[in-house]
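Side chains included, hydrogens not; waters and symmetry mates left out as well; all remaining heavy atoms used.
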Amino acid sequence: ERLFTEIILGTIDQVGEPFHTEVLTLGDTDDLETELGVLGRRLMAAVMAPDVLALRRLVIAEADRFPRLGRTYYERGPGRTAAALAVHFQRLAERGLLRLDDPLTAASQFNWLITSIPLNQVMLCGDAGRFTTAELDRYADAGARAFLAAYSVR
């Protein structure tokens, strides 16, 4: 169980770290539309990576047997992403670029606006290679636009 946990969490940390490094400058951007589009594409690429999809399926399948693993996976994956985005969304709100009441909710919504359609299709239908990079980019761009339509002050 310990080895299983370490392999899964080590992989999710390795995949997530580059994305979290990129989030660090989001709060300082003056070109929110471009930055959110780029960030959305990177988020999509990280979430839709075949090894991440395989781990997600495995963790979901074993959540009842290993609930602590599922919680930790969430905290170090989607939860960590939402928390990092929330900090920078709050900064963007303070700078007058976003209007939001709850940065963490906005961050979770950004995540799902970007990833929900292809992620749900792949999780439920299989075939991790069913989407081209261009299709994933299109979903990411559409999600970023929807987020800005809801939260942008412009």
Side-chain angles (χ1 to χ4, degrees), residues 7-61 63 70 72-154:
I7 290 169
I8 288 174
L9 297 179
T11 302
I12 200 67
D13 288 343
Q14 181 182 17
V15 169
E17 196 56 42
F19 176 78
H20 292 284
T21 300
E22 290 184 34
V23 172
L24 295 176
T25 60
L26 180 62
D28 297 323
T29 189
D30 289 321
D31 187 356
L32 189 55
E33 184 173 351
T34 298
E35 288 294 321
L36 286 179
V38 169
L39 197 59
R41 287 172 178 226
R42 295 236 164 78
L43 175 61
M44 183 72 82
V47 168
M48 296 297 290
D51 55 341
V52 174
L53 292 170
L55 286 178
R56 183 182 217 107
R57 280 192 189 99
L58 184 59
V59 170
I60 290 169
T72 304
Y73 180 95
Y74 176 82
E75 290 165 0
R76 287 164 73 169
R80 181 178 177 211
T81 298
L85 286 169
V87 168
H88 298 288
F89 286 171
Q90 178 63 44
R91 170 105 172 92
L92 290 163
E94 290 166 0
R95 293 181 52 217
L97 297 173
L98 293 178
R99 69 176 182 287
L100 45 89
D101 296 322
D102 181 350
L104 189 55
T105 296
S108 294
Q109 290 172 338
F110 176 80
N111 183 22
W112 277 105
L113 285 167
I114 300 297
T115 63
S116 64
I117 295 170
L119 180 61
N120 280 334
Q121 285 184 25
V122 168
M123 284 289 105
L124 296 171
C125 302
D127 188 14
R130 73 183 305 141
F131 294 102
T132 66
T133 300
E135 290 170 319
L136 293 175
D137 287 351
R138 187 174 50 83
Y139 282 120
D141 293 343
R145 283 192 306 275
F147 178 84
L148 285 171
Y151 289 105
S152 178
V153 296
R154 296 175 193 185

Hey, does Arg80 have a side-chain heavy atom less than 4.5 Å from the side chain of Tyr74? no
With side chains defined as the heavy atoms from C-beta onward, is the minimum distance between Leu39 and Leu85 less than 4.5 Å? yes
For residues 93-107, pull every pair meeting salt bridge (Lys or Arg N to Asp or Glu O under 4.0 Å), keeping only residues two or more places apart or in separate chains. Asp30-Arg95
Do Arg41 and Asp141 come within less than 4.5 Å of each other through their side chains, counting heavy atoms only? yes
Minimum side-chain heavy-atom gap Leu104-Phe89 below 4.5 Å: no
Is there a side-chain contact between Leu119 and Arg56, using heavy atoms and a 4.5 Å cut-off? yes
Straight-line distance of Arg138 CZ to Thr133 OG1, nearest 0.5 Å: 13.0 Å
Quick check: does any side chain N or O of Glu35 sit under 3.5 Å from a backbone N or O of Leu32, one acting as donor and the other as acceptor? no
Measure the NE2-CG distance between His88 and Leu98 for me, rounded to the nearest 0.5 Å. 12.5 Å
When you compare the side chain of Tyr151 with that of Phe110, does any pair of heavy atoms fall below 4.5 Å? no
Any side-chain heavy atom of Met48 within less than 4.5 Å of one from Pro118? yes
Distance in Å, Ile117 CD1 paired with Leu136 CG, rounded so as to fall on 0.5 Å steps: 11.0 Å
Could you state the interatomic distance from CG (Leu97) to CG (Leu148), rounded to the nearest 0.5 Å? 10.0 Å
For a quick test of reading the model, state the closest non-hydrogen atom pair linking Ala86 to Ala107 and the distance between them. N-CB, 3.7 Å
Are there over 12 heavy-atom neighbours, none belonging to Gln121, within less than 6.0 Å of that residue's CD? yes
Contacts of type side chain to side chain donor-acceptor pair (under 3.5 Å), residue Ser116, not counting sequence neighbours: none
For residues Ile114 and Gly40, report the shortest heavy-atom separation together with the two atoms involved. CG2-O, 3.4 Å
Go through the steps to decide whether Phe147 and Trp112 satisfy the test side chain to side chain contact (heavy atoms under 4.5 Å, CB included), and finish with yes or no. CA-CA 10 Å; Phe147 178 84; Trp112 277 105; over 6 Å; no
Taking the side chain as C-beta and beyond, is there a heavy-atom pair between Cys125 and Arg130 under 4.5 Å? yes
